[in-house]
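See below for the structure under consideration.
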Amino acid sequence: MPDRRGGRRSAVLGAALALLALPPAARAETLLRARLNADILSTNPGVRRDENTDMVLQHVVEGLVAYREDTSVGPLLAERWETSPDGRTYTFHLRPGVSFHNGAPLTSAEVVWSLRRYLDPKTHWRCGRELSGGGYARVVGVEAVDTQTVRVVLDKPFAGFLATLARVDCGGTAILHPSSVGPDGAWRAPVGTGPFRIAGWKHNQYLDLVRFAGYRALPGPRDGHTGGKAARVDRLRFLVIPDPVAAEAALLRGDLDVLDNVTPIDARQLRKRRDLRLDVRAGFDVFAILFETRDPLLRDPRLRQAIALTLDVPGLTRAVTAGMGRPNRSVVPVSSPFHDAAQAQVPPPNLAEARRLAQAAGYRGQPITLITNHRYPAMFDGAVLVQAMAMQAGITIRLETLDWAAELDRYNTGRYQAMSFTYSARMDPSLGYDALTGDKAADPRKVWDDPQARALLARSRATADPAERQAAFDQLHALFLRDVPAIVVFNPPRIAAVAANVTGYQGWAAGPQRLWGVGLR
């Protein structure tokens, strides 16, 4: 008798091969659904942005360099580069065979156009000040050496130049095709080189990205924002679901495949589900209590020191993060290679010394207003605990709960006494200190306006030598604990819940979700 099983196997194999041979439109589309807690602000990388905007656009656009998993800077669109002996000139060699979403090949012309556009003050690029005279160095020349080579010249050496180009909040200094803007220079949409391109955006509802068939990934496994960026699904859909309870319900009923930014309390419940798995990473985000040091009451550092001495940092961290966060009094995250023994010290509370310092500062029970919000539970819960702990030393803190937009406005303008706040991941400690340090008259967001701190920060950014940088960070940390322009309390965990049929999801301590390399069974 003939082997009918062999015939069936041949038929199944033939059907599978026929399915693979069909054009993508004729096959069932693979759709991966993830959540945004708020809509993105724009599609203009590094210009009108927030964390959600940055995250989404990292799937669409790419820069010359990017951060690796270990927070070092690696190649992306540039396959290599050289730095001149005087540290002022960078020569980038582009990867061959890279195409934009419109099919045009990547050449030095688009790199020169993109960099000059960012440096034009009219663009309002987030990192424009850094590289145009208001920061640590100024770009004085951008030119094409040939079709695959670009030269960038600085006015002085700047060891943090590549790290600045790689910054996610600067849009990764994405290289764009000039058709991204109109004839008048007005923004249209990003024509980039990433694994996905934008296919549709319904404001406050969803954003769709589709696989870019012409994408050419760096070889190797996933490595930060550099290698292994192949698209494994046909379409990514980011659903805007502001309410965390509604987002969790969508995950549980199968309307979401990936839920990022899960709270530790919710994670404990989701861990029991057999149809989900949790991805937990020690985060690079920094939770802190910020002080307006020009405030008549808080300008005395002794009162700020007193508040810091009331805090049981490990206990507060356990309570707010369900034991998943890392207590940390340093601006340098616990997961950073620069978090050494000096950074790791967590002083215990000392209520008697807190009372003495507060009295010496002339404090007589005046209420201190601490701003917080409900959008981020850790910020609210942390503020409540700070209020209770300070009360033990007779320091009165009054909570003012605002919506997130209003709190950001107060942060940007410096109109507050104290604020519960979280800084998103900054992979280089210099960038972490830079978020806090500067001239308050020019930039009210800065909480630490101290000449010695600024000099140390400049030193940390002027050298690439790890030992010299570590010494600068250790001195900054000691000075920060003395001045207390803010109290760093912990590094929150980064938690994602993913459906059991999702493959390849891998969180990253240094950043939000990455959905390249992620597929569906």
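The figures that follow rest on heavy atoms only: side chains count, while hydrogens, waters and symmetry mates do not.
- In Arg326, the CZ atom is not crowded: 12 or fewer heavy atoms of neighbouring residues, nucleotides or ligands sit closer than 6.0 Å.
- Applying the side-chain hydrogen bond (donor to acceptor under 3.5 Å, both in side chains) rule to Glu110 yields the partners Thr107; only residues at least two apart in sequence or on another chain are considered.
- By the side chain to side chain contact (heavy atoms under 4.5 Å, CB included) test, Leu479 is found to be paired with Trp448, Asp450, Gln452, Ala453, Leu456, Arg482, Asp483, residues two or more places apart in sequence or in another chain being considered.
- Of the inter-residue distances, the one linking Arg48 atom CZ with His124 atom NE2 reads 12.5 Å to the nearest 0.5 angstrom.
- Between His93 and Trp81, the distance from one ring center to the other does not fall under 6.0 angstrom.
- Note that OG1 of Thr372 is 8.5 Å distant from CG of Leu402, once rounded to the nearest 0.5 Å.
- At a threshold of 4.0 Å, the pair Glu292-Arg415 does not count as salt-bridged, since none of the basic side-chain nitrogens sits closer than that to a carboxylate oxygen.
- Side chains of Gln506 and Asp279: a donor-acceptor N/O pair is absent below 3.5 angstrom, by distance only.
- Using a 3.5 Å distance cut-off with no hydrogens or angles, the side chains of Asn37 and Arg375 do pair a donor with an acceptor.
- Residues Phe490 and Asn328 are not in side-chain contact: their nearest non-hydrogen atoms beyond the backbone lie 4.5 Å or more apart.
- Shortest non-hydrogen contact noted between Ile198 and Thr43 is CD1-CG2, 3.7 Å.
- In this structure, Gln58 CD and Leu515 CG are separated by 12.5 Å, a value rounded to the nearest 0.5 Å.
- In summary, the side chains of Ser430 and Arg469 do present a donor paired with an acceptor at a separation below 3.5 Å, with no hydrogens or angles considered.
- Atom-to-atom distance recorded for Tyr376:OH and Glu407:CD is 10.0 Å, nearest 0.5 angstrom.
- For the residue pair Thr463 / Asp465, no side-chain donor-acceptor distance below 3.5 Å is found, with atom types taken as modelled.
- Side chains of Thr30 and Asp234: a donor-acceptor N/O pair is present below 3.5 angstrom, by distance only.
- Looking at Ser420 and Phe287, their side chains come closer than 4.5 Å, going by heavy atoms from C-beta outward.
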- prompt: Hey, mind stepping through Ser84 and Asp86 against side chain to side chain donor-acceptor pair (under 3.5 Å) and telling me if it holds?
  reply: CA-CA 5 Å; Ser84 63; Asp86 65 1; 2.5 Å; yes
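- In this structure, Val502 and Val518 have side chains that are in contact, with non-hydrogen atoms separated by less than 4.5 Å.
- Using a 4.5 Å cut-off on side-chain heavy atoms (C-beta onward), Thr437 and Lys446 make no contact.
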query: Hey, mind stepping through Thr173 and Thr164 against side chain to side chain contact (heavy atoms under 4.5 Å, CB included) and telling me if it holds?
result: CA-CA 8 Å; Thr173 319; Thr164 300; over 6 Å; no
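- At a threshold of 4.0 Å, the pair Asp449-Arg454 counts as salt-bridged, since one of the basic side-chain nitrogens sits closer than that to a carboxylate oxygen.
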message: For Val498 and Arg277: C-alpha separation, side-chain torsions, deciding distance, then whether side chain to side chain contact (heavy atoms under 4.5 Å, CB included) applies.
response: CA-CA 6 Å; Val498 298; Arg277 71 175 180 86; 3.3 Å; yes
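- Pairing each heavy atom of Phe473 with each of Ser460, the nearest pair is CE2-CB, 3.6 Å.
- With 3.5 Å as the limit, one finds no donor-acceptor pair spanning the side chains of Asp120 and Trp125.
- Between Ser72 and Arg68, the side chains place a donor N or O and an acceptor N or O closer than 3.5 Å (distance only, hydrogens not considered).
- Across Val210 and Ala199, no two heavy atoms sit closer than the pair CG1-CB, 3.6 Å.
- Close placement of the Phe421 and Tyr411 rings is indicated, their centers lying within 6.0 Å of each other.
- Geometrically, Arg237 engages Tyr206 in a cation-pi contact defined by less than 6.0 Å to the ring centre and at most 45° from the axis.
- A side-chain donor from one of Gln470 and Asp474 sits under 3.5 Å from a side-chain acceptor of the other.
- Inter-residue side-chain proximity for Val233 and Leu31 is flagged as unmet; no heavy-atom pair is nearer than 4.5 Å.
- Contact record, Ala163 with Val73: CA-CG2, 3.9 Å, taken as the closest heavy-atom pair.
- The line from CG of Leu251 to CG of Leu259 is 5.5 Å long, rounded to the nearest 0.5 Å.
- Remark: side-chain polar atoms of Arg151 are not paired, donor with acceptor, to backbone N or O of Gly141 under 3.5 angstrom.
- By the 4.0 Å N-to-carboxylate-O rule, Asp155 lies too far from Arg88 to be salt-bridged with it.
- The backbone N or O of Gly504 sits less than 3.5 Å from a side-chain atom of Arg222, completing a donor-acceptor pair.
- No side-chain donor-acceptor contact under 3.5 Å links Asn44 to the backbone of Val47.
- Considering every non-hydrogen atom in both Phe338 and Gln343, the closest pair reads O-CG, 3.7 Å.
- Counting non-hydrogen atoms of neighbouring residues, nucleotides and ligands closer than 6.0 angstrom, the CZ atom of Arg294 exceeds 12 such neighbours.
- In this structure, Val65 and Leu76 have side chains that are not in contact, with every pair of non-hydrogen atoms separated by 4.5 Å or more.
- Nearest heavy-atom pair across Thr53 and Ser42 is CG2-O, 3.2 Å.
- Between Arg461 and Glu130, at least one side-chain N (NZ, or NE/NH1/NH2) sits under 4.0 Å from a carboxylate O, which counts as a salt bridge.
- Atom CG of Leu408 is separated from atom CE of Met419 by 8.0 Å, given to the nearest 0.5 angstrom.
- Using the six-membered ring where Trp is involved, Tyr90 and Phe161 have ring planes that are tilted, between 30° and 60° apart.
- Residues Glu62 and His225 bring no donor and acceptor atom of their side chains to less than 3.5 Å of each other.
- Contact annotation: the side chain of Arg426 never approaches that of Phe284 to less than 4.5 Å [non-hydrogen atoms, C-beta and beyond].
- With a 4.5 Å cut-off on side-chain heavy atoms, Arg49 and Leu41 do not count as touching.
- In this structure, Arg211 forms no cation-pi arrangement with Phe196, as its terminal cationic atom is not both closer than 6.0 Å to the ring centre and no more than 45° off the ring axis.
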